[in-house]
**Q** 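Have a look at this one before I ask anything.
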Amino acid sequence: MASAEGKLNISELDFEKIKENLIGFMSNQSEFVGYNFKGSSFDVLLDILAYNTHYNAYYANMVANEMFLDSATLRNSVVARAKHLGYVPRSARGSKASVTLEITPTGTPALISVSKNTQFQADVDGVSYIWCTSNSHSVNINANGVYTVSTIELSQGIPVTFRYTANTGDVDQKFLLPNANTDTDTLSVVVQISDTDTETLTYSLANDITTVNASSTIYFITENDDGKYEIEFGDGVLGKTLANGNIIILSSLICDADVTNGAKSFSVVSDVGGYSNVKVVTTSAAGGGQESEDIEGIKFNAPKNYDAQNRCVTTHDYVSIVKRDYSGAQSVVAWGGEDDDPPVYGKVFIAIKPASGSVLSNSTKVWVQDSILAKRNIVGVTPEIRDPDYLYLKINSTVKYDSGMTTNSASTLKSTITSTIVDYGLTQLKDFDKAFRYSNLIKKIDESEISVKSNQTNVSIKRYMYPLLGSSSAYTLRFSNEVYHPSNTFWGSVTSGDFSYRDTANTLWTGCRIQDANGTVQVYRTSGQNRIIVDNDIGTITYGSGKIDLLGFAPVAIGSSSTGNTTTLDVYITPSSSDVLPLREQIILIEDTDITITMVDDTGTGTYVQGATSGSDGSTLKTGY
Amino acid sequence: MATTYGKDYKDFDLDFGKHPAHGDLLTVKKTTAISRSINNLIRIQAGERLFQPGMEGGLNALLFEPYGVLTTSRIIKTIKHVIGRYEPRADVQLVTVVADEANNAYLINIIFIPDNDVKETNIEVYLERA
């Protein structure tokens with residue numbers, strides 16, 4: 001409101017407030033009287049004045065907001081701000097798959113050439129999509145008389161090519177990639193000298209202008225106002241400039257982004273190298289397809305990319321650059337070797353969680369290491385890609401509910417609560433740095449259905465180990481969370497699945513498990529309610545760090561398996577804290593099979609009057625196994 | 001709520017004429033200012049005023065209703081309502097509406113007592129279908 005002194009308050013933005021301020025201002029003059037009645041002519045004038053002020057205030061506010069990366073809301077403003085930081089938003093990415101081809105030609109050609117962009121198709125949810133070979137391949141006949149080429153990379157998308165003729169007289173000439181879902185990772189930029197001179201030069205994306213000169217055949221890529229990509233060439237100082245009449249040939253794939261992830265059954269569209277009798281074996285299902293980077297992603301990544309300055313010095317630089325250059329990464333974490341356990345100096349470790357699957361293939365790790373990181377990291381520091389380390393939570397919950405408040409059966413409620421826990425695992429965990437928060441989970445269980453009154457939930461941590469059956473070996477299991485061990489006489493925070501084991505008298509016992517005994521790990525079997533030690537020392541446990549070192553662990557069989565090291569043995573610990581935190585490359589998951597729900601109908605009369613003491617029907621106390 | 005802020009109302013003339021002597025914008029004063037305000041009010045159509053879509057005289061739709069006692073009654077009621085709601089300076093005494101069917105119009109006569117006078121004032125408005 002205007003002050004009593006007649007000063008005009010100019011801080012308001014709403015139409016009504018502005019008009020009130022004008023009326024307040026007018027009340028301090030005597031030229032017009034009656035301006036504040038709705039029918040007066042002056043009221044119309046005040047409306048127009050207030051509208052104009054409101055309009056300009058809104059415009060000024062928008063302009064100010066759109067000038068900063070944090071407050072901008074329009075995509076082209078965000079992209080423009082990111083451009084100042086040298087950041088190009090990621091385009092849509094087609095999924096990538098890996099296949100092995102077995103070609104049966106007519107005759108015995110010396111060589112079969114599989115050209116780039118040879119097309120394959122696969123169905124996802126009943127819709128057929130196209131994949132193309134990312135590179136060309138030559139296939140020789142092998143010793144068995146078969147033409148086989150393995151690990152061919154397929155990129156999803158339909159190939160398109162655009163040709164432009166450079167006109168140096170047109171200063172506004174643009175070289176656009178006019179399709180919305182162009183995968184710029186697949187972009188090939190070739191410049192033909194002229195219509196008559198068919199010599200061509202292949203240009204590469206400029207990533208580092210400190211290494212280019214006037215003759216570098218590089219191109220720059222930017223996103224324009226429409227969200228499409230535009231190619232720019234050098235100016236004769238930073239990169240080779242175009243000559244009049246040059247023909248610019250832009251080839252890329254138009255992809256379907258993430259909807260094609262998961263495709264795994266590929267077939268040839270027409271032929272491969274001229275032959276249609278081709279057997280396609282999928283070695284890696286399609287994954288890594290992504291929508292183009294959204295506004296929030298640009299706002300998050302652009303400053304970090306600027307921080308990295310296209311070089312890998314800090315751990316954040318590694319994360320930023322891997323995320324930028326490897327589209328198949330869903331999330332990335334990096335740490336210095338000095339923080340590893342045990343410390344490894346001179347190394348940087350990077351763990352990548354792929355967008356599909358749980359670990360990267362070895363070839364992808366090598367590619368990330370050599371093609372993305374090696375040329376940008378400091379001399380003397382070696383990057384090494386690690387797989388994510390998965391920890392699993394075993395949830396055991398006793399849930400009390402009031403059957404009078406719901407029409408659902410206990411089994412339906414159990415299913416609902418299980419879904420709640422699974423959903424919690426999918427949304428709140430399943431990534432680096434995402435900790436399990438006990439109170440959040442039990443709150444979700446309580447809120448999963450109106451009849452749920454309370455829950456008593458135990459949490460333990462599970463790891464899979466793959467012991468070599470029939471041989472004594474050493475294993476290290478890092479739970480990275482303190483193990484519950486309240487006193488030196490307490491035992492039972494460690495247990496495992498069943499396996500067969502020989503005692504010192506070489507007698508084979510089935511149904512053995514491991515347990516802890518004040519820092520020592522033992523193998524035991526049960527006889528009735530009693531535990532009988534089979535091997536009283538197979539390793540140690542460090543309760544503080546949650547690390548189990550098995551030194552001479554020699555299980556004979558797990559279930560029906562008695563050879564190899566591909567059968568899993570589950571090992572569980574009871575954590576000291578109900579919250580479970582992942583460390584470095586660790587990711588916490590909850591598997592459906594690890595959820596145990598016990599429903600207790602707690603329909604009450606409103607008062608608890610019977611019995612001498614209240615009953616016990618579930619506990620969060622850590623009592624061991 | 002509007003205030004009557006003295007009784008000597010002064011508004012500018014929507015004809016935007018200039019004063020013959022000193023050339024300033026013409027103004028309307030006292031009871032005339034109130035009469036002009038009433039005239040403005042009953043002619044306002046919905047959505048005409050910025051950011052006030054609900055403000056209207058309400059007569060526009062009625063002008064296209066069939067001539068008759070019912071329509072006349074509704075016009076009177078609407079005029080009284082809009083003046084009562086938006087023009088507190090006028091105490092309406094009588095509203096008469098005469099249909100001019102030949103010219104597709106209504107002749108409206110409003111008698112009111114302005115709050116800056118004790119005498120009744122008369123305002124005539126001729127509304128045509130347009």
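In what follows, chains carry the letters A, B, and so on, assigned in the order in which the sequence lines appear, proteins first and then strands, with residues in each chain numbered from 1.
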**Q** Check this for me: B:L26, atom CG, are more than 12 non-hydrogen atoms of other residues, nucleotides or ligands nearer than 6.0 Å?
**A** yes
**Q** Give, for atom CG of B:L50 and atom CG of A:L46, the distance between the pair rounded to the nearest 0.5 Å.
**A** 11.5 Å
**Q** Around atom CZ of A:F162, are there more than 12 heavy atoms of other residues, nucleotides or ligands at under 6.0 Å?
**A** yes
**Q** In Å, rounded to the nearest 0.5 Å, how long is the span from CZ of B:R36 to OG of A:S40?
**A** 12.5 Å
**Q** Nearest 0.5 Å, please: how far is NZ in B:K10 from CZ in A:F42?
**A** 10.5 Å
**Q** So with a 6.0 Å cut-off around OH of A:Y58, is the heavy-atom count from everything else above 12?
**A** no
**Q** Tell me whether B:D15 at atom CG has more than 12 heavy atoms from other residues, nucleotides or ligands lying less than 6.0 Å away.
**A** yes
**Q** Please answer whether the main-chain N or O of A:S41 pairs with a side-chain N or O of B:D11 as donor and acceptor at a distance below 3.5 Å.
**A** yes
**Q** Just wondering, are more than 12 heavy atoms of other shown residues or ligands nearer than 6.0 Å to OH in B:Y126?
**A** yes
**Q** Hey, mind stepping through B:F51 and A:H54 against side chain to side chain contact (heavy atoms under 4.5 Å, CB included) and telling me if it holds?
**A** CA-CA 11 Å; B:F51 286 92; A:H54 173 73; 3.5 Å; yes
**Q** Quick check on B:Q52 against chain A: is it the side chain, the backbone, both or neither that has a heavy atom closer than 4.5 Å?
**A** side chain
